[in-house]
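In what follows, a single structure is set out as structure tokens and then discussed.
What you are looking at is a predicted structure, and each value in this text was computed from that prediction instead of being measured. Proteins get letters first, then strands, A, B, ... in listed order; numbering begins at 1 in each.
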Amino acid sequence: MSDHTTSHVLPKSTYYAVYAALMVLLVATVGFAFVDLGALNFLVTMIIAVAKALMIALIFMHVRYSERLVWVFAGASFLWLGIMIVFTLNDYFTRGWLNIPGK
Amino acid sequence: MSLAEVGHHPRGHLASHFETLGQQHESAILGMWTFLATEVMFFGGLFLGFVVYRFTDPQGFALASRQLDITLGTVNTFVLLTSSLSMALAVRAGQTGDRKGQVRFLLLTMAMAITFLGIKSFEYYEEFEKHLFPGAHFSTAHLNLPEGAPEILGQQAQLYFVFYFFMTGLHAFHMIIGIVIMGVLAVQAQRGKFTPEHFTPLELTGLYWHFVDLVWVFLFPLLYLIDLHK
């Protein structure tokens, strides 16, 4: 580990900018919920949520300015979560596609 | 650190198994992220369960979801995101050694956290009144079930509320822990414990608080928003 601390102080304006962006996305996600986009509603909502999460993690949680090892640890948890969700949904959604007994 | 503290402990805040304060700080942050990784897994299982049933039992989940109060949910999301900004500024005050700022922003964050819990309690109260809490007293009376709907629809809706109460309850529990920790930190900050060389507890609590915010960023749309249309 390097000697430097994460006391790399961000200007207040950075935090305010992230906050403003989070507010815009909050309004957007609630607004889109009232518009009927069919199956796209779920997709749009999740894209907005991921965008908000990235801003919170990278700026508020200082991941962007942290050691590479922190990137690995933070990334690993979401990678495994992704594997768990994708593989499980892959199973549930494809059941019944083939007429195999005992599926 | 104050002169008195240095007198007590020749290495100040530096524990004996670290070379430098920087190394100690980095290690603490890595440790916190390890803890947060377990939290991601912990909440992740619940999110996965919710999403699977939301797709296998879409009708019941949609009917149940529409019972939630979107206005209160939106206000609460606003309050929690704002508390995260306040927490970020508290950590920044730690970095710059601004003692008054630390105390002020910690108290502000706590006040917003308590506001969030107050609004959430009111929502719970409304849902209890409508007999939406799963169990013996669950009733489909308020769900606007279609005429001649099969009984399974009510059961699916009840399953939705199992997820709803468990996930929001677990989230609220995390917030209560956060409020207690922030209270302790506010007292310590007031006593001048944190300096630009040593503000690790503030930084770690900030990570925890932003994580709680992160969980809500996914909970809110999944529980309140995605099923307004179907």
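With a 4.5 angstrom heavy-atom cutoff, B:L89 touches chain A only via side-chain atoms. Looking at B:T82, both its backbone and its side chain come within 4.5 Å of chain A, counting heavy atoms on both sides. Residue contact with chain B, scored on non-hydrogen atoms closer than 4.5 Å, involves the side chain of A:Y19 exclusively. Within the 4.5 angstrom heavy-atom criterion, only side-chain atoms of B:L36, from C-beta onward, approach chain A. Using a 4.5 Å cut-off between heavy atoms, A:T88 contacts chain B through its side chain alone, with no backbone atom that close. Heavy-atom distances place the backbone of A:L10, and not its side chain, under 4.5 Å from chain B. Of the two parts of B:Y224, neither the backbone nor the side chain holds a non-hydrogen atom closer than 4.5 Å to a non-hydrogen atom of chain A. For A:V50, the parts lying near chain B are the backbone and the side chain together; criterion is any non-hydrogen pair under 4.5 Å.
Residue-environment remark: CZ (A:F32) stays at or below the threshold of 12 foreign heavy atoms within 6.0 Å. No more than 12 heavy atoms of other residues, nucleotides or ligands shown are found within 6.0 angstrom of CH2 on A:W80.
Between chain B and the options A:V30, A:V18, A:N41, A:L37, heavy-atom pairs under 4.5 Å are most frequent for A:V30. For the set A:L25, A:V35, A:V27, A:L22, the count of heavy-atom pairs under 4.5 angstrom toward chain B peaks at A:V35. Most heavy-atom pairs under 4.5 Å with chain A, from the set B:L214, B:T56, B:T38: that is B:L214. Contact count against chain B (heavy-atom pairs under 4.5 Å) is highest for A:L26 among A:I48, A:I59, A:V44, A:L26.
Under the 6.0 Å cut-off for aromatic ring centres, B:H171 and B:F116 qualify, their centroids lying closer than that. Here the two rings, on B:F55 and A:F42, have centers that are under 6.0 Å apart.
Using bins of under 30°, 30° to 60° and over 60° for the plane-to-plane angle, the ring pair B:F163/B:Y53 lands in the tilted bin. Note: B:F199 and B:H25 have tilted aromatic rings, judged against thresholds of 30 and 60 degrees for the angle between ring planes. Classification of the B:Y160-B:Y164 ring pair by plane angle, with boundaries at 30° and 60°, yields parallel.
A donor atom on one side chain and an acceptor atom on the other are found under 3.5 Å apart for B:S84 and B:D213.
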